[in-house]
Amino acid sequence: MTRRNTRRSGAILAADLMLVPMVATMRLPLMLTETRSMGLVGAETLGAVTEKAAAFAEGIIAANASLAGSMMSFWPDLLSGKMPALLSGAALEHSLHAALKPSGRRVRANFRRLSRPAA
């Protein structure tokens with residue numbers, strides 16, 4: 001990933017994650033009405049919990065895959081005269097972006113879904 005793409009993906013990711021308070025605010029009334037009407041656990045509450053767990057698991061896997069890729073390119077980068085990503089800190093930046101990307105996608109999708117008018 002080039003430096004420009006890293007900045008752009010970082011800005012997109014930050015914009016997605018800045019929607020978190022808005023999504024939580026939009027989701028709370030739905031969860032409140034679920035507890036009053038259905039009793040134990042409603043679809044919105046269950047979806048909120050399961051999607052966070054799934055995003056966390058996907059993020060862990062993506063971060064580990066990113067770090068594994070950086071480790072695999074260590075010696076080729078070093079022998080070709082380039083600074084290896086593991087030494088420059090770029091590997092950690094890439095793995096952080098990879099780890100947060102699933103959460104950002106889910107937040108953006110939830111914001112779109114919750115901001116549509118009720119049919």
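Connection of L96 to I60 is not established within any shared hydrophobic cluster, with ILVMFWY side chains joined at heavy-atom distances below 4.5 Å, either directly or through further cluster members. One hydrophobic cluster, built from ILVMFWY side chains closer than 4.5 Å, cannot hold both L87 and L79; they sit in different ones. If you chain together hydrophobic residues whose side chains sit under 4.5 Å apart, F74 and L67 never meet in one group. L114 and F111 end up in the same hydrophobic cluster when Ile, Leu, Val, Met, Phe, Trp and Tyr side chains are linked at under 4.5 Å.
Annotation: the span from L13 atom CG to R105 atom CZ amounts to 10.5 Å, rounded to 0.5 Å. For the atom pair CG (L86) and OG (S73), the distance works out to 7.0 Å, reported to the nearest 0.5 Å. Going from atom CZ of R108 over to atom CG of L17 covers 9.5 Å, rounded to the nearest 0.5 Å. To the nearest 0.5 Å, atom CG of residue N110 and atom OG of residue S115 are 10.0 Å apart. One distance of note links CG of L46 with OG1 of T50; it measures 5.0 Å at 0.5 Å rounding.
Counting all heavy atoms, side chain and backbone alike, R106 lies closest to A54 at NH2-CB, 3.8 Å. The nearest pair of heavy atoms linking P102 to A55 is CB-O, 3.9 Å. Shown here for E34 and T45, the closest heavy-atom pair between the two residues is OE1-OG1, 2.9 Å. In this structure, R113 and R116 approach most closely via the heavy-atom pair CA-NH2, 3.2 Å. The nearest pair of heavy atoms linking A98 to A63 is CB-N, 4.3 Å.
Partners of K82 by salt bridge (charged side-chain N to carboxylate O under 4.0 Å, His left out), not counting sequence neighbours, listed by chain and number: D77.
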Residues 19-31, side-chain donor-acceptor partners within the protein, below 3.5 Å, at least two apart:
{"from": "T25", "atom 1": "OG1", "to": "P21", "atom 2": "O", "distance (Å)": "2.7"}
{"from": "R27", "atom 1": "NE", "to": "E44", "atom 2": "OE2", "distance (Å)": "2.7"}
{"from": "R27", "atom 1": "NH1", "to": "E51", "atom 2": "OE2", "distance (Å)": "3.1"}
{"from": "R27", "atom 1": "NH2", "to": "E44", "atom 2": "OE2", "distance (Å)": "3.4"}
{"from": "R27", "atom 1": "NH2", "to": "E51", "atom 2": "OE2", "distance (Å)": "3.1"}

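Around the CZ atom of F56, the shell of radius 6.0 Å holds no more than 12 heavy atoms that belong to other residues, nucleotides or ligands.
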